[in-house]
Amino acid sequence: MTTIEHKIIRGSAEFRYAFSDPDQLKEWLNSVENFQGITFVGRSNVGKSSLINALFGNKTARTSKTPGRTREINIFTFSTSDGTKNGTTKNLYLIDLPGYGHANISKEMAQNWQKLIDTFFSNLPKTIGIINVQDARRPDQDIDKEFNNYIGSFDVTTFLVLNKIDKLKKQTEKSALEKQRVQIIHDYNWIKCLITTSAENGAGVSNLEREIISFLLPHHTSNNQQSR
Ligand SMILES: Nc1nc2c(ncn2[C@@H]2O[C@H](COP(=O)(O)OP(=O)(O)OP(=O)(O)O)[C@@H](O)[C@H]2O)c(=O)[nH]1
Ligand SMILES: [Mg+2]
């Protein structure tokens, strides 16, 4: 039996809204119908926006060498397709969150970030999957632990992505990551799966895409696609 595979339509993501005001965000979150999609979260500069571009097409999200570039919650809609005439799913949501743990911001901005993030998670339905991106060179930092415990309290589906694996050149670094991987899976037992990626050279991006599709469209995905 052949399985028809759904894919994200590259270039289909359309920018819809940017929120920096928690009250406006709350109002919008409570008004969306058929709210299905994914949201990217993670420490500043780990490559959330770059991964979004690798998955959705190059010019979707703004990336930067300066940490803390994404300041608002950016909301897009996108489509998937299985390549057949009636096989398109439209109006799925993609959300790019501003990164946590960025040191060089004012106290006022940090407080606003906290308020925005609290509003976001407290009003988020379970139909939105969380993609927590960390840096493969130094995963599970104290701030990552803190944030993971925080999202773990919301009972939402979470995928952990260790990005920038292209930067792990030495065998010792790769083996260290393998060890950490086992530890992380053990410690974060609410995580659905752990995927390693490089937004730079595309490694692992198709695995991440498969996981996203199987979360969004479980009926269209074969059972043997597992990566945990
Ligand atoms: N080598 C390498 N560089 C990467 C990778 N992913 C992202 N980068 C680089 O890391 C920097 C930060 O990437 P962004 O995608 O802007 O990071 P972000 O997580 O969205 O950052 P904020 O918006 O500040 O939270 C950029 O210079 C990217 O080119 C990767 O997989 N490998
Ligand atoms: Mg960003």
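Remember, it's 1-based here, ligands and their atoms both numbered in the order they're listed.
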Exercise for the section: May I ask which of Lys48, Lys164, Arg137 has a heavy atom nearer to atom 25 (O) of ligand 1 than the others do? Expected result: Lys48
Exercise for the section: May I have the step-by-step check of side-chain hydrogen bond (donor to acceptor under 3.5 Å, both in side chains) for Asp96 and Ser49, ending in yes or no? Expected result: CA-CA 7 Å; Asp96 187 13; Ser49 299; 3.0 Å; yes
Fill in the blank from the handout: ligand 1 atoms nearer than 4.0 angstrom to some heavy atom of Lys167 are 1 (N), 2 (C)
Handout entry: Whether Phe147 and Tyr150 hold their rings parallel, tilted or perpendicular, with breakpoints at 30° and 60°
Key = tilted
Practice task
Indicate if the distance from the Mg ion (ligand 2) to the nearest N, O or S atom of Ser50 falls below 2.8 Å.
Solution key: no
Problem - Contacting atoms of ligand 1, where contact means under 4.0 angstrom from a heavy atom of Gly99 - result: 25 (O)
Exercise for the section: Describe, in one word, how the ring planes of Phe19 and Trp28 are oriented to each other, choosing from parallel (under 30°), tilted (30 to 60°) and perpendicular (over 60°). Expected result: tilted
Handout entry: Asp135 with Arg43: basic N within carboxylate O range, under 4.0 Å
Key = no
Handout entry: Option of least heavy-atom distance to atom 22 (P) of ligand 1 (set: Val41, Asn45, Ile165)
Key = Asn45
Problem - ligand 1 contact on Asp166 by region, counting heavy-atom pairs under 4.0 Å - result: side chain
Problem - Worked verdict on Asn132 versus Asn148 for side-chain hydrogen bond (donor to acceptor under 3.5 Å, both in side chains) - result: CA-CA 8 Å; Asn132 180 209; Asn148 265 289; 2.9 Å; yes
Problem - Aromatic ring proximity, centroids under 6.0 angstrom, Phe120 and Trp113 - result: no
Exercise for the section: Could you name the option among Ala199, Ser50, Ala203 that has the heavy atom nearest to atom 31 (O) of ligand 1? Expected result: Ala199
